[in-house]
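Each remark here refers to the structure printed beneath this line.
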Amino acid sequence: ESSTHLPAPKDVMIYSYNFHSLLRWSPVKVDRGLVLYTVHFKTGAFNQWDEMNCTRIAQTECSFPWSLKERRWTVVLRVRAELGQVTSDWVETDPFVAERNTTIGPPKVNSVIVSSDSLLVSVTPPFGSEAGDLLQYHVSYWENATSTTKKETKTSNTLFKIGNLKELTLYCFRIQVELMTHSDLQLLGLQSVPECYRTAIS
């Protein structure tokens with residue numbers, strides 16, 4: 001018997017990393033034919049559905065268009081499956097606000113200059129900042145021998161010094177970014193992989 005109804009996509013989720021966001025879902029399986037998908041969006045300001053750049057696509061993911069780059073907007077997406085003239089129900093996401101819901105990756109460590117009592121570290125932020133952003137770098141560092149005692153320092157500079165170190169000693173550090181926005185939201189990013197350097201002899 002032919003069903004006039006198509007199952008709706010499952011596992012519909014927004015993934016967002018460093019403010020690059022996309023919608024993903026599980027493929028809808030049918031016996032024959034190619035299932036296509038259509039995605040719509042609406043913002044908190046306008047309660048009407050608009051087409052995204054993903055109408056009747058075969059992929060099971062859809063990147064946010066440039067028009068949805070505002071981080072403070074509340075966005076809801078919906079997706080349905082289509083096979084010929086037959087369509088599934090729409091599946092809506094929870095409201096998404098990039099400024100709250102994105103995952104911030106670790107900063108990139110460009111260079112480390114070693115001296116006898118310090119490491120001079122240069123980093124690049126994980127994403128391009130916008131007006132009103134304040135980025136803080138949380139740096140934790142430890143002597144490799146006594147890795148239980150970690151020290152913490154915070155800085156908003158992309159070039160900073162980890163000081164008061166012992167000479168000829170191996171030190172490790174990891175960094176994570178904290179984004180403070182003008183709406184007083186605080187978003188803590190993922191920690192970088194530890195990097196270790198031996199201080200020089202004075």
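Quick note: numbers below take in every heavy atom, side chains included, and nothing from hydrogens, waters or symmetry partners.
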To the nearest 0.5 angstrom, please state how far the [atom1] atom of [X] sits from the [atom2] atom of [Y].
{"X": "Glu143", "Y": "Leu165", "atom1": "CD", "atom2": "CG", "value": "8.5 Å"}
{"X": "Leu134", "Y": "Ser156", "atom1": "CG", "atom2": "OG", "value": "6.0 Å"}
{"X": "Asn53", "Y": "Ser63", "atom1": "CG", "atom2": "OG", "value": "7.5 Å"}
{"X": "Leu68", "Y": "Met52", "atom1": "CG", "atom2": "CE", "value": "6.0 Å"}
{"X": "Gln136", "Y": "Gln186", "atom1": "CD", "atom2": "CD", "value": "8.5 Å"}
{"X": "Arg198", "Y": "Leu119", "atom1": "CZ", "atom2": "CG", "value": "12.0 Å"}

Next item on the list: Applying ring-ring contact (aromatic ring centres under 6.0 Å, His included), run through Tyr171 and Trp142 and close with a yes or a no.
Entry: CA-CA 6 Å; Tyr171 284 91; Trp142 60 94; 9.7 Å; no

Got [X] and [Y] here, is their nearest side-chain heavy-atom distance under 4.5 Å?
{"X": "Ile14", "Y": "Phe64", "value": "yes"}
{"X": "Leu159", "Y": "Leu120", "value": "yes"}
{"X": "Thr153", "Y": "Tyr141", "value": "yes"}
{"X": "Leu83", "Y": "Leu36", "value": "no"}
{"X": "Tyr197", "Y": "Leu170", "value": "no"}
{"X": "Thr43", "Y": "Phe41", "value": "yes"}
{"X": "Leu190", "Y": "Tyr17", "value": "yes"}
{"X": "Pro107", "Y": "Pro125", "value": "no"}

Check: Do Trp25 and Tyr37 have ring centroids that are under 6.0 Å from one another?
Finding: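 Ring-ring flag for Tyr37/Trp25: true, centres closer than 6.0 Å.
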
Next item on the list: May I have all residue pairs that pass salt bridge (Lys or Arg N to Asp or Glu O under 4.0 Å) and include part of residues 51-64, sequence neighbours excluded?
Entry: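 Only Arg24-Glu61, Arg56-Glu82 qualify under salt bridge (Lys or Arg N to Asp or Glu O under 4.0 Å).
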
Checklist line | Salt bridge present between Asp89 and Arg78 (N-O < 4.0 angstrom) | finding: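 No, Asp89 and Arg78 are not salt-bridged.
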
Got a sec, which residues hit side-chain contact (heavy atoms from CB on, under 4.5 Å) with [X], two or more places apart in sequence or on another chain?
{"X": "Ser202", "result": "Ser116, Glu167"}
{"X": "Ser67", "result": "Pro65"}
{"X": "Ser16", "result": "Ser21, Phe96, Thr102"}

Next item on the list: Is it possible for you to say whether Val91 and Val75 belong to one hydrophobic cluster, with membership spreading through side-chain heavy-atom contacts below 4.5 Å?
Entry: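 As far as the 4.5 Å side-chain criterion goes, Val75 and Val91 are connected within one cluster.
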
Checklist line | Same apolar cluster (I L V M F W Y, side chains within < 4.5 Å links), Val114/Phe160 | finding: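 Yes, Val114 and Phe160 fall within the same hydrophobic cluster.
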
Notebook entry, point to check: Please, which pairs that meet disulfide (SG to SG under 2.5 Å) have at least one residue in residues 28-137, sequence neighbours excluded?
Noted result: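 Residue pairs with at least one partner in residues 28-137: Cys54-Cys62.
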
Next item on the list: Please list all pairs passing the disulfide (SG to SG under 2.5 Å) test where one or both residues lie in residues 93-125, with sequence neighbours left out.
Entry: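 For residues 93-125: none.
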
Check: Under the 4.5 Å side-chain heavy-atom rule for ILVMFWY, direct or indirect, which residues accompany Leu22?
Finding: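 Besides Leu22, the cluster holds Met13, Tyr15.
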
Nearest heavy atoms of [X] and [Y], plus distance in Å:
{"X": "Ser88", "Y": "Pro7", "answer": "CB-O, 3.4 Å"}
{"X": "Val97", "Y": "Arg71", "answer": "CG1-O, 3.5 Å"}
{"X": "Leu187", "Y": "Ala98", "answer": "CD2-O, 4.5 Å"}

Check: Under the ring pair (Phe, Tyr, Trp, His ring centres under 6.0 Å) test, which residues partner Phe127, sequence neighbours left out?
Finding: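 Counting only residues at least two positions away or on another chain, Phe127 forms a ring pair (Phe, Tyr, Trp, His ring centres under 6.0 Å) with Phe19.
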
Next item on the list: Tell me, please, which residues at least two apart from Trp90 pass ring pair (Phe, Tyr, Trp, His ring centres under 6.0 Å).
Entry: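 Listed in chain order: His40.
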
Margin query: Just checking Lys161: does its NZ atom have more than 12 heavy atoms from other residues, nucleotides or ligands closer to it than 6.0 angstrom?
Written below: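 Counting neighbours around NZ of Lys161, 12 or fewer heavy atoms of other residues, nucleotides or ligands fall under 6.0 Å, so no.
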
Notebook entry, point to check: Do other residues, nucleotides or ligands put more than 12 heavy atoms under 6.0 Å from the NZ atom of Lys150?
Noted result: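 Yes - once you tally the heavy atoms of other residues, nucleotides and ligands closer than 6.0 Å, there are more than 12.
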
Checklist line | Side-chain donor/acceptor of Thr199 to backbone N/O of Asp117, under 3.5 Å | finding: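 No, Thr199 side chain to Asp117 backbone: no donor-acceptor pair under 3.5 Å.
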
Note to self: Donor-acceptor check, side chain of Thr38 to backbone of Thr55, threshold 3.5 angstrom: yes or no?
What the structure shows: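 Checked: no pair found.
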
Do any side-chain atoms of residues 172-179 form donor-acceptor pairs under 3.5 angstrom with protein atoms, and if so which ones, sequence neighbours left out?
{"unit_1": "Arg174", "atom_1": "NE", "unit_2": "Gln191", "atom_2": "OE1", "d": "2.9"}
{"unit_1": "Arg174", "atom_1": "NE", "unit_2": "Ser192", "atom_2": "O", "d": "3.2"}
{"unit_1": "Arg174", "atom_1": "NH2", "unit_2": "Gln191", "atom_2": "OE1", "d": "3.2"}
{"unit_1": "Arg174", "atom_1": "NH2", "unit_2": "Ser192", "atom_2": "O", "d": "3.4"}
{"unit_1": "Gln176", "atom_1": "OE1", "unit_2": "Gln191", "atom_2": "NE2", "d": "3.4"}
{"unit_1": "Gln176", "atom_1": "NE2", "unit_2": "Gly189", "atom_2": "O", "d": "2.9"}
{"unit_1": "Glu178", "atom_1": "OE1", "unit_2": "His138", "atom_2": "NE2", "d": "2.7"}

Check: Which residue pairs pass the side chain to side chain donor-acceptor pair (under 3.5 Å) test when at least one of the two sits in residues 92-101, sequence neighbours left out?
Finding: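 Sorted result for residues 92-101: Glu99-Ser183.
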
Next item on the list: Go through Leu6 and Thr87 one step at a time and tell me if the side-chain contact (heavy atoms from CB on, under 4.5 Å) criterion holds.
Entry: CA-CA 6 Å; Leu6 207 54; Thr87 60; 5.9 Å; no

Note to self: List the residues meeting side-chain hydrogen bond (donor to acceptor under 3.5 Å, both in side chains) with Thr158, not counting sequence neighbours, and say none if there are none.
What the structure shows: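 Once residues adjacent in sequence are excluded, Thr158 has no partner under the side-chain hydrogen bond (donor to acceptor under 3.5 Å, both in side chains) criterion.
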
